[in-house]
Each structure stands twice: as C-alpha cells, then as structure tokens.
Peer 1: 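Here it is, the structure in full.
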Amino acid sequence: MVLAAGNPVRVEARLDDAISRWLWLVKWLLLIPHFIILAFLWIAFVVVTVIAFFAILFTARYPRGLFDFNLGVLRWSWRVHFYGYSALGTDRYPPFTLGEVADYPATLHIAYPQRLSRGLVLIKWWLLAIPHYVIITFFIGGTYSVMGRNGAVAYNTAGLIARLVLVVGIALLFTARYPRGIFDFVLGMDRWVLRVGAYTSLMTDSYPPFRLDQGGADPAQPPAEPGSTAQVAP
C-alpha cells in the first residue's frame with residue numbers, strides 16, 4: 001500500500017450560479033445519447049484494464065495510450081454524472097469527448113505513473129479496496145438478494161448521493177436555489193468514489209484517503225508532469 005504526500009487523483013467542480021428549476025426533470029432523457037456511448041466505452045474500459053493488468057504485472061508500467069483512454073472514459077463519465085443525477089451541478093450539456101475540457105464545470109486529472117507495483121496489481125483492486133467498497137456502497141447504492149419461497153429476489157437501493165440529489169431537485173423546483181451545503185457534501189462523496197475508481201482500475205498505487213473532501217476545490221496536490229518521480233511500492 002502506498003501512502004503519497006498528495007493524492008494523484010484530482011477532482012474539481014464548480015456549481016453554476018443559476019440552475020434551472022425544471023431541467024433536472026428531463027436530464028435523464030437528454031443524456032440518453034451519452035448513456036448509449038458510455039455503455040460501449042465502459043466495455044472497452046474493462047478490456048483495457050485487463051490488458052493493463054498484465055502489462056503492469058510483467059513490465060511495472062501502465063501503457064500510456066491505454067492510460068489516456070481510460071482516463072478519458074472517467075472524465076466523460078464524471079462530466080455526465082455532474083450534469084446528471086450525481087450532482088445536478090450544472091445545466092451546461094456535457095461534451096462528447098474523451099479529452100480534457102478545461103472550461104467545463106467538472107474536471108478530473110490523474111497523474112500518469114511512470115512505474116507501478118507488480119505486487120499491488122494482484123490485490124489492490126479487490127482485497128485492499130474492500131473497506132472503500134463498503135463505504136462507497138452507502139454513497140452510490142447497490143443491489144442485494146433475499147431468498148424467499150420462490151427463489152432469490154433482487155432489490156436495488158438508492159445511495160446517499162441519489163437521495164440528496166433528489167432533495168436538491170425538489171429545492172430547485174420550489175426555490176430555484178441549490179443548497180450549498182448539500183453540494184459540498186455530495187461532491188465530497190463523488191470525489192471519494194472517483195478516487196477509489198482510479199485506484200481499483202490500476203491507474204495509481206496511491207491508496208485513496210478515508211476522507212470526505214468537500215467543496216469544489218480538491219485539496220490534493222496537482223498531478224505530476226510526465227517524467228516526474230512516481231510513488232512505487234517497495
């Protein structure tokens with residue numbers, strides 16, 4: 001497990017000054033094109049992560065092209081979630097791009113690691129991440145099964161993020177105001193989820209902090225430039 005001075009995953013977001021009272025009611029419809037594209041991109045993300053797993057295992061390096069692709073998928077997803085029902089933080093429609101959009105209200109940076117631990121790649125995405133999985137399940141919800149007379153019945157539960165965003169939607173509908181305290185708290189949970197996602201998809205050896213960093217400015221240090229010293233497990 002690597003404990004770095006600054007987390008290489010940096011999640012920034014800013015709340016729009018004016019959010020529409022009603023647009024959030026139809027954002028699910030407006031986002032359908034993104035959902036379709038992201039479904040294919042996430043299939044590719046999984047395949048790329050598996051390839052990267054073996055590359056790291058044998059070379060201690062995450063191929064830069066594969067890293068940039070997966071970072072692009074995470075960036076695209078974060079913009080969509082920030083616009084949609086993981087924050088409702090902006091009414092600016094997300095762009096269709098894997099690249100960085102610096103002027104979009106939601107941005108994601110992950111410092112490229114020059115080397116990664118061959119040993120950690122075997123356990124960090126499942127064993128070491130278990131405590132975080134338990135926590136973020138409360139944030140994003142999940143599915144569980146209950147055995148009954150007619151077999152197992154699956155139930156989907158909404159997480160704390162979805163519940164608070166629903167409160168935001170109701171507040172917008174009646175007051176046209178986004179409660180700032182809720183925004184900061186929701187963003188803190190989103191930031192936690194993205195850090196865990198970057199770690200478990202093998203993009204960093206820096207263990208995600210057990211910390212709810214609220215507010216739009218991420219306290220993590222800016223990502224290192226290519227060629228700089230990376231954090232490597234002994």
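Side-chain atoms are counted along with the backbone in the values below, which use heavy atoms only and exclude waters and symmetry mates.
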Peer 1: Is there a chain of hydrophobic side chains (I, L, V, M, F, W, Y, each step under 4.5 Å between heavy atoms) that links Val73 to Ile36?
Peer 2: yes

Peer 1: Considering only heavy atoms from C-beta outward, does the side chain of Asp190 approach that of Trp78 to under 4.5 Å?
Peer 2: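 Asp190 vs Trp78: side chains touch.
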
Peer 1: What do the steps show when you test Tyr83 against His34 for ring-ring contact (aromatic ring centres under 6.0 Å, His included), and what is the final call?
Peer 2: CA-CA 11 Å; Tyr83 172 84; His34 280 285; 8.0 Å; no

Peer 1: For Tyr93, look at atom OH and say whether over 12 heavy atoms of other residues, nucleotides or ligands are found less than 6.0 Å away.
Peer 2: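 Yes.
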
Peer 1: Excluding sequence neighbours, so at least two apart, what forms side chain to side chain contact (heavy atoms under 4.5 Å, CB included) with Arg92?
Peer 2: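 Once residues adjacent in sequence are excluded, the partners of Arg92 under the side chain to side chain contact (heavy atoms under 4.5 Å, CB included) criterion are Thr90, Val101, Asp103, Tyr104, Pro105.
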
Peer 1: State whether Asp68 and Arg75 are salt-bridged, where the test is any N-O pair (Lys NZ or Arg NE/NH1/NH2 against Asp/Glu carboxylate O) under 4.0 Å.
Peer 2: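 Judged by the 4.0 Å cut-off on N to carboxylate O distance, Asp68 and Arg75 do not form a salt bridge.
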
Peer 1: Determine, step by step, whether Tyr112 and Met203 satisfy the side-chain contact (heavy atoms from CB on, under 4.5 Å) criterion, reporting the C-alpha distance in whole Å, the side-chain angles of both residues, the deciding distance to 0.1 Å, and the verdict.
Peer 2: CA-CA 8 Å; Tyr112 176 70; Met203 301 177 77; over 6 Å; no

Peer 1: Is Arg195 salt-bridged to Asp218, going by a charged N under 4.0 Å from an acidic O?
Peer 2: yes

Peer 1: Considering all heavy atoms of both residues, which atom of Pro209 and which atom of Asn7 are nearest to each other, and what is their separation?
Peer 2: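 Taking every non-hydrogen atom into account, CD-ND2, 3.2 Å.
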
Peer 1: To the nearest 0.5 Å, what is the distance between CG (Leu172) and CG (Leu23)?
Peer 2: 10.0 Å

Peer 1: Sub-3.5 Å donor-acceptor pair from the side chain of Ser86 to the main-chain atoms of Phe82, do we have one?
Peer 2: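 Checking the backbone N and O of Phe82 against the side chain of Ser86, no donor-acceptor pair under 3.5 Å is found.
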
Peer 1: Are any side-chain N or O atoms of Asp91 and backbone N or O atoms of Ile19, one a donor and one an acceptor, separated by less than 3.5 Å?
Peer 2: no

Peer 1: For the residue pair Leu66 and Ala52, what are the closest heavy atoms and their distance?
Peer 2: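 Heavy atoms of Leu66 and Ala52 come nearest at CD1-N, 4.4 Å.
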
Peer 1: Considering residues at least two apart in sequence or located in another chain, which fulfil the ring pair (Phe, Tyr, Trp, His ring centres under 6.0 Å) criterion with Phe45?
Peer 2: Trp42

Peer 1: Working to the nearest 0.5 angstrom, can you tell me the gap between Leu88 CG and Leu164 CG?
Peer 2: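 One finds 11.5 Å between CG of Leu88 and CG of Leu164.
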
Peer 1: Between Asn70 and Thr49, is any side-chain donor less than 3.5 angstrom from a side-chain acceptor?
Peer 2: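 Yes.
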
Peer 1: Provide the closest heavy-atom pair for Ala106 versus Arg79 in the form atom of the first, atom of the second, distance.
Peer 2: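 The pair with the smallest heavy-atom distance is O-CG, 3.7 Å.
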
Peer 1: Inspect the contact between Asp205 and Arg115 and indicate whether a charged nitrogen and a carboxylate oxygen are less than 4.0 angstrom apart.
Peer 2: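 Not counted as a salt bridge, because no side-chain N and carboxylate O are separated by less than 4.0 Å.
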
Peer 1: Just so I know, are the side chains of Val9 and Val11 near enough to count as touching, which here means a heavy-atom distance under 4.5 Å?
Peer 2: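 SC-SC contact between Val9 and Val11 confirmed.
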
Peer 1: Taking the side chain as C-beta and beyond, is there a heavy-atom pair between Val165 and Ile182 under 4.5 Å?
Peer 2: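 A side-chain contact is absent here, since even the closest heavy-atom pair is not under 4.5 Å.
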
Peer 1: Would you say CZ of Phe210 has more than 12 non-hydrogen atoms from neighbouring residues, nucleotides or ligands within 6.0 angstrom?
Peer 2: yes

Peer 1: Would Leu160 and Met189 satisfy side-chain contact (heavy atoms from CB on, under 4.5 Å), going step by step from the backbone distance to the final call?
Peer 2: CA-CA 9 Å; Leu160 185 56; Met189 290 187 287; 3.7 Å; yes

Peer 1: Side-chain heavy atoms under 4.5 angstrom apart, residues restricted to Ile, Leu, Val, Met, Phe, Trp, Tyr: same cluster for Val46 and Leu57?
Peer 2: no

Peer 1: Can you find a pair of side-chain heavy atoms, one from Ser77 and one from Leu41, that are under 4.5 Å apart?
Peer 2: no

Peer 1: Write down the atom of Tyr133, the atom of Thr200, and the distance for their closest heavy-atom approach.
Peer 2: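 Looking at all heavy atoms of both residues, the closest pair is OH-CG2, 3.2 Å.
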
Peer 1: Any heavy-atom pair between the side chains of Gln214 and Arg191 that's under 4.5 Å?
Peer 2: no

Peer 1: Tell me whether the NZ or CZ atom of Lys124 lies within the 45° cone about the ring axis of Tyr199 and under 6.0 Å from its centre.
Peer 2: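 Checked: cation-pi criterion met.
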
Peer 1: As a quick check of understanding, evaluate side-chain contact (heavy atoms from CB on, under 4.5 Å) for Ile37 and Trp76, giving each step before the final call.
Peer 2: CA-CA 10 Å; Ile37 296 171; Trp76 190 327; 3.7 Å; yes

Peer 1: If I compare all heavy atoms of Ile136 with all of Trp192, which pair ends up nearest, and what's the gap?
Peer 2: CG2-CD1, 3.8 Å

Peer 1: Once you round to the nearest 0.5 Å, how far does CG of Leu120 lie from OG1 of Thr204?
Peer 2: 10.0 Å

Peer 1: Got a sec: does the CZ of Phe96 have more than 12 other heavy atoms crowding it under 6.0 Å?
Peer 2: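 More than 12 heavy atoms, drawn from other residues, nucleotides or ligands, come within 6.0 Å of this atom.
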
Peer 1: Mind running side-chain contact (heavy atoms from CB on, under 4.5 Å) on Leu202 and Leu116 for me, showing each step along the way?
Peer 2: CA-CA 9 Å; Leu202 315 179; Leu116 290 165; 5.6 Å; no

Peer 1: Could you tell me the separation between the CD1 atom of Ile56 and the CD1 atom of Ile51, rounded to the nearest 0.5 Å?
Peer 2: 12.0 Å

Peer 1: Has the side chain of Trp28 got a donor or acceptor atom that lies under 3.5 Å from a matching backbone atom of Trp24?
Peer 2: no

Peer 1: Mind checking the CD1-OG spacing from Ile110 to Ser206? Nearest 0.5 Å is all I need.
Peer 2: 11.5 Å

Peer 1: Classify the ring geometry between Tyr178 and Phe183 as parallel (under 30°), tilted (30 to 60°) or perpendicular (over 60°).
Peer 2: perpendicular

Peer 1: Do you know the tightest heavy-atom contact between Leu128 and Tyr207?
Peer 2: O-OH, 2.6 Å

Peer 1: Would Lys27 count as a cation-pi partner of Tyr85, with NZ or CZ less than 6.0 Å from the six-membered ring centre and within 45° of the ring normal?
Peer 2: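 That pair does not qualify as a cation-pi contact.
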
Peer 1: Measuring from atom CG of Leu38 to atom CD1 of Ile43, what distance do you get when rounded to the nearest 0.5 angstrom?
Peer 2: 11.0 Å

